[in-house]
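This report refers to the structure that appears directly beneath it.
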Amino acid sequence: MSGEMDLDTLIGSMEPVLHPEHYVFATTTDADVVAHAKAKMVFHETEGTTLIVLQEEAERLGLDGEFLCQMITLNIHSSLEAVGFMARIATHLSKLDMGVNPVAGFYHDHLFIQVDKVQTAMDGLQDLIGSVGK
């Protein structure tokens, strides 16, 4: 399995990058909308297909987006089998009173955080990075 698995290495070496775009979560049962969506993520559920799309894309598609957010990419190649990485991050950020909607990609993990809390999240991630080994 490729990617880092050691929790302290993952936390201590990650480089969070805040992306400026504003995203929303939306859902639809319309396969044509899904096929034409320029989505960051698509996930099929029984009730409908979840899309993470730019706010403007949701409007273009006529979708009611929820959870206005920005994406933070954790620049470290984490293993898909790494244990506790996202749990430690989510626990730390929950103490800062924020929800975290994580998405695991093959190479990196990404956090979707409410727009009005992204700076607090970035500061919190830096604090978490600095706490490793102490």
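Computed from heavy atoms alone, side chains included, the values below leave out hydrogens, waters and symmetry copies. Predicted model, so just to flag it, every value in this text is computed and none were measured.
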Counting heavy atoms not belonging to [X], are there more than 12 under 6.0 Å from its [atom1]?
| X | atom1 | answer |
| --- | --- | --- |
| Lys117 | NZ | yes |
| Asp32 | CG | yes |
| Glu56 | CD | yes |

Solution key, residues 89-106 side-chain donor-acceptor pairs under 3.5 Å, sequence neighbours excluded:
residue : atom : partner : partner atom : Å
Thr91   : OG1  : Ala87   : O            : 2.8
His92   : NE2  : Gly124  : O            : 3.0
Ser94   : OG   : Thr91   : O            : 2.7

Remaining members of the apolar cluster that contains Leu63, side-chain heavy atoms under 4.5 Å: Val24, Val33, Val34, Val42, Leu51, Val53, Leu61, Leu68, Val115
Between [X] (side chain only) and [Y] (backbone N and O only), is there a donor and an acceptor less than 3.5 Å apart?
| X | Y | result |
| --- | --- | --- |
| Thr28 | Asp30 | yes |
| Glu45 | Glu47 | no |
| Glu57 | Lys38 | yes |

Smallest separation among heavy atoms of Ala26 and Gly65, with atom names: CB-CA, 4.3 Å
Distance-only side-chain donor-acceptor flag, Thr49 / His44, under 3.5 Å: yes
Ser78 side chain to His108 side chain, donor-acceptor N/O pair below 3.5 angstrom: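 Result is no, nothing qualifies.
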Tell me, do [X] and [Y] make a side-chain contact under 4.5 Å, heavy atoms counted?
| X | Y | answer |
| --- | --- | --- |
| Glu4 | Ser79 | no |
| Gln70 | Leu18 | yes |
| Met122 | Ile72 | yes |
| Glu15 | Ile76 | no |

Are [Y] and [X] co-members of a hydrophobic cluster defined by side-chain heavy atoms under 4.5 Å apart?
| X | Y | value |
| --- | --- | --- |
| Leu7 | Leu125 | yes |
| Leu54 | Ile113 | no |
| Ile129 | Val132 | yes |

From CA spacing to verdict: side chain to side chain contact (heavy atoms under 4.5 Å, CB included), Met86, Asp109: CA-CA 8 Å; Met86 196 51 60; Asp109 292 282; 3.6 Å; yes
Residues Met14, Phe85; criterion side chain to side chain contact (heavy atoms under 4.5 Å, CB included); working and verdict: CA-CA 11 Å; Met14 69 177 170; Phe85 183 46; 4.1 Å; yes
Within this structure, what is the [atom1]-[atom2] distance for the pair [X] and [Y], rounded to the nearest 0.5 Å?
| X | Y | atom1 | atom2 | value |
| --- | --- | --- | --- | --- |
| Met71 | Met41 | CE | CE | 12.0 Å |
| His77 | Ser13 | NE2 | OG | 14.0 Å |
| Cys69 | Gln55 | SG | CD | 9.5 Å |

Output field: ring centroids Phe112/Tyr23 closer than 6.0 Å: yes
